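We count ligands from 1, going down the list as the structure has it; atoms in each ligand are counted the same way. Along the sequence shown, the residues carry numbers beginning at 1. Just so you know, these numbers come straight off a predicted model, no measurement behind them.
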Amino acid sequence: MSGKAERVQTIFSTIAPRYDLVNDVMTFGQARAWRNKLVRLSGARAGMSVLDVATGTGDLAIVFKKAIGSSGKVVGVDFCAGMLDFAPAKAQSKNLEVTFKLGDAMALEFADSSFDVVSIAYGIRNVTDAAKAIREMARVIKPGGKFMVLETGRSIWPVYGQAVDFYCAKVMPVMGGFLSGSKDAYKYLDSSSKDFPYGAKFVEMLKKEGGFGSVIAYPLFGGVSYIYECTKPQQLS
Ligand SMILES: C[S@@+](CC[C@H](N)C(=O)[O-])C[C@H]1O[C@@H](n2cnc3c(N)ncnc32)[C@H](O)[C@@H]1O
């Protein structure tokens, strides 16, 4: 395992017990609304099969399961056991059947064309080789299926954008550190966001690596986060 992967695993194992709380506080509850929006945009419906990669404590997988009902199948995978440990009880408390498994975004155990929808929320920038993970996730999507990504960006609104940058660089590590006990983890989360492509650049990467025919980027709150809706082309007959 690479140095980055080990560091990411250690960070998420450390903050796992307070991850949901910190997420809600630091995004002012917006992360929940954005996950709901991602599921709506994916077109997931009854009977479909969904894979949520880097599922963490399982929130997006749970929203998908609510959307597709008992006839559909949702699997959540993450390479950090500490995060995944919290997911099954959350699904069970809502009477939802979701399968959670250990797994690496860069080497998925599933056959080609297995899922109608594959998603990854705030995960792709943490993966050691994002291009490899995009190729791997695209592999397991059915022709005509969707790849949905939720990831951080940078706001294009001038004063607001500067305020968000200040909040992420200065306030988040202190507040996240106080709530989770790990200031370093929230420093890492800020620096990893700064280094990762977003908007048009990430659309280009998704098309190149995933071979998606169409990629639509939806900026959220002026671009502090983005949802990317990617469609895998139908096979040529
Ligand atoms: C910020 S959390 C996001 C969790 C969840 N998707 C959410 O929206 O709350 C990032 C997650 O990515 C996972 N992760 C990072 N690299 C991974 C990889 N190569 N394979 C699987 N999971 C990975 C981490 O373990 C962590 O749980």
Ligand 1 atoms in contact with Val8 (distance to a heavy atom under 4.0 Å): 15 (C)
Asp59: which of Lys65, Lys94, Lys90 passes salt bridge (charged side-chain N to carboxylate O under 4.0 Å, His left out): Lys90
Phe79 N/O under 3.5 Å from ligand 1 N/O: yes
Residue Cys80 vicinity, atoms of ligand 1 by number, heavy atom under 4.0 Å: 25 (O)
Note, Val224 side chain near Trp34 side chain (heavy atom, < 4.5 Å): yes
Location of contacts on Phe12 toward ligand 1, heavy atoms closer than 4.0 Å: side chain
Nearest heavy-atom neighbours spanning Ser113 and Lys142: O-CG, 3.4 Å
For atom 20 (N) of ligand 1, closest protein heavy-atom neighbour: Ala105 N, 2.9 Å
Minimum heavy-atom distance between Val39 and Ala67, given as atom pair plus value: CG1-CB, 3.7 Å
contact_flag Gly58 ligand 1 heavy-atom lt 4.0 Å: no
Per-residue contact class, Thr55 against ligand 1 - non-hydrogen pairs under 4.0 Å: backbone
Subset of ligand 1 atoms that lie under 4.0 Å from at least one heavy atom of Asn126: 10 (C), 15 (C), 16 (N)
Reported CD1-to-CG distance for the pair Ile120 and Leu38, which is rounded to 0.5 angstrom: 11.5 Å
Ring center gap for Tyr226 and Phe202 short of 6.0 angstrom: no
Arg32 atom CZ, over 12 foreign heavy atoms within 6.0 Å: no
Those residues that, when tested against Ala133, pass side chain to side chain contact (heavy atoms under 4.5 Å, CB included) (two or more places apart): Ala105, Met106, Ile124, Val127, Met137
Arg35, portion touching ligand 1 at heavy-atom distance under 4.0 Å: side chain
Within-cut-off N or O pair, Ala54 and ligand 1, under 3.5 Å: yes
Among Val74, Ile141, Val75, the one residue meeting side-chain contact (heavy atoms from CB on, under 4.5 Å) with Phe115: Val75
Proximity winner for atom 24 (C) of ligand 1, if only heavy atoms of Leu84, Val127, Asp78 are counted: Asp78
Beyond-backbone contact of Val203 with Tyr228, side-chain heavy atoms, under 4.5 angstrom: yes
Atoms of ligand 1 close to Gly103 [distance to a heavy atom under 4.0 angstrom, numbered from 1]: 20 (N), 21 (C)
Residue Asp104 vicinity, atoms of ligand 1 by number, heavy atom under 4.0 Å: 18 (C), 19 (N), 20 (N)
N/O separation below 3.5 Å, Gly123 to ligand 1: no
Protein residue, atom and distance nearest to atom 9 (O) of ligand 1, heavy-atom basis: Tyr19 OH, 2.7 Å
Nitrogen or oxygen of Tyr122 less than 3.5 angstrom from that of ligand 1: no
